[in-house]
Amino acid sequence: MFDTHVNLHAEAFEDDREEVLTRARRAGVKRFLAICDRFDNYETVKAIAEANDDIWNTAGVHPHHAKDFPDLTVDALMKAAADPKTVAIGETGLDFHYGYSAEQDQVANFRRHIDAARQSGLPLVVHTREADELTAALLESESKNGPFRILLHCYTGGQDLADRGLALGAYFSVSGILSFKSAKDVRSVISTVPLDRVILETDCPYLAPVPYRGRRNEPAYLPHVADALAELHNMSREEITSICEHNALQLFNKIPS
């Protein structure tokens, strides 16, 4: 299995990161993508990847932190993208739930990341929350300026964004949310996404799947995310994990397969 979204630099893992990774590997997780959420964390995230043969990393600024990096340049992202361990741009996107950064700051941040993804050829890890229409509109508008590859991560958006994302060739990652009893709408939308466009993630330490909901999430819980997707499609865990690993390696094709 490939956990395509882990926040291993988070404070929640400060005391036992190695033990967390050991448990994940025992559970069958063979690859990890460590996410950069602030550009001043990039070196820390990359160091975790460089210390482990089975971990790679991204470079980017989460929309929450867009206001903190008004001077981030496409060139800075491109320099990071050239590193062998950096295999994606982001996470980036739009999040209007908390409003930690103003809309104009988020949009400007998002556009810079899109430009870097387009120029580098690396996939763009997109976080979107309560911003479906503007996210879709920006992705469509920017696609007219030249193609770039899209991952709508931890997908909880609506059917319209899903359909518009699919039209742009986007991939979708599913998290422990898929296992929540309250997530009927998420399951309904994800059921319409072709399986060759779906990958798995934990987004740890957040969003632990059932039966661990409410606890710190770990990559070792990825099999339970797989189970939720397998149940949705009436397939086995083994079938789902094989499909999703193949998809993830197609998307993050800088990683040796």
Side-chain angles (χ1 to χ4, degrees), residues 2 4-5 33-39 42 45-46 56-66 69 72-95 101 103-129 131-158 160-174 193-194 196-199 201 203 244 246-255 257:
F2 185 171
T4 62
H5 204 101
L33 184 58
I35 301 300
C36 178
D37 59 343
R38 295 177 55 93
F39 205 62
Y42 172 71
V45 175
K46 187 175 72 162
W56 289 264
N57 64 272
T58 71
V61 175
H62 190 288
H64 285 341
H65 307 300
F69 297 89
L72 177 69
T73 65
V74 175
D75 285 346
L77 290 168
M78 290 293 293
K79 182 178 178 181
D83 187 274
K85 277 285 188 172
T86 302
V87 300
I89 300 296
E91 66 184 289
T92 182
L94 303 173
D95 190 320
S101 288
E103 179 177 321
Q104 63 267 27
D105 293 331
Q106 294 191 43
V107 169
N109 183 63
F110 194 13
R111 288 189 186 276
R112 288 192 291 268
H113 285 72
I114 291 172
D115 197 5
R118 182 188 294 114
Q119 291 188 44
S120 67
L122 297 184
L124 183 75
V125 180
V126 178
H127 169 110
T128 180
R129 188 175 187 189
D132 279 20
E133 175 57 35
L134 186 53
T135 297
L138 281 170
L139 291 173
E140 289 166 346
S141 174
E142 288 288 342
S143 292
K144 295 175 183 177
N145 298 324
F148 55 94
R149 294 185 293 146
I150 302 164
L151 169 64
L152 294 170
H153 112 87
C154 189
Y155 194 76
T156 58
D160 182 65
L161 175 57
D163 292 341
R164 293 163 76 177
L166 285 169
L168 295 172
Y171 284 76
F172 297 71
S173 58
V174 296
V193 176
D196 64 357
R197 289 283 154 178
V198 181
I199 63 176
E201 64 162 278
D203 201 7
C244 290
H246 172 79
N247 296 343
L249 291 173
Q250 290 288 112
L251 177 61
F252 300 110
N253 59 356
K254 193 173 172 181
I255 298 175
S257 57

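- Remark: Glu91 does not engage Arg38 in a salt bridge, criterion side-chain N to carboxylate O under 4.0 Å.
- Salt-bridge formation is detected for the pair Arg164/Asp160: a Lys NZ or Arg NE/NH1/NH2 atom is positioned less than 4.0 Å from an Asp or Glu carboxylate oxygen.
- Each of Leu151, Asp203, Leu33 was evaluated against His5; a single residue qualifies, Asp203, per the side chain to side chain contact (heavy atoms under 4.5 Å, CB included) test.
- A donor-acceptor contact closer than 3.5 angstrom is absent between the side chains of Arg111 and Asn145.
- The heavy-atom pair separating Gly93 from Pro63 by the smallest distance is O-CB, 3.3 Å.
- Side-chain contact between Leu94 and Leu138: present, with at least one pair of heavy atoms (C-beta onward) separated by less than 4.5 Å.
- When all heavy atoms are compared, the tightest approach of Pro123 to Val87 is CD-O, 3.4 Å.
- At least one side-chain heavy atom of Asp196 sits under 4.5 Å from a side-chain heavy atom of Asn247.
- Between the side chains of Thr86 and Tyr42, at least one donor-acceptor pair of N or O atoms lies under 3.5 Å.
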Assess whether salt bridge (charged side-chain N to carboxylate O under 4.0 Å, His left out) is satisfied between Arg118 and Asp115, documenting all intermediate values. CA-CA 5 Å; Arg118 182 188 294 114; Asp115 197 5; 3.5 Å; yes
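- Partners of Gln106 according to the side-chain hydrogen bond (donor to acceptor under 3.5 Å, both in side chains) rule, which considers only residues two or more places apart in sequence or in another chain, do not exist here.
- Of the possible donor and acceptor atoms, one in the side chain of Arg149 sits under 3.5 Å from a partner among the backbone N and O of Leu251.
- In this structure the side chain of Asp105 never reaches within 4.5 angstrom of the side chain of Phe69, judged on heavy atoms.
- Checked by atom type, the side-chain pair Glu201/Ser173 shows a donor-acceptor distance below 3.5 Å.
- Checked options His113, His127, His153; the residue passing with His62 is His127 (criterion: ring-ring contact (aromatic ring centres under 6.0 Å, His included)).
- Closest heavy-atom contact between Gln250 and Tyr171: CB-OH, 3.8 Å.
- Checked against the 6.0 Å centroid threshold, Tyr155 and Phe172 count as a close aromatic pair.
- Using a 4.5 Å cut-off on side-chain heavy atoms (C-beta onward), Thr92 and Asn109 make contact.
- In this structure, His65 and Asp37 have side chains that are in contact, with non-hydrogen atoms separated by less than 4.5 Å.
- In this structure the side chain of Val198 reaches within 4.5 angstrom of the side chain of Val174, judged on heavy atoms.
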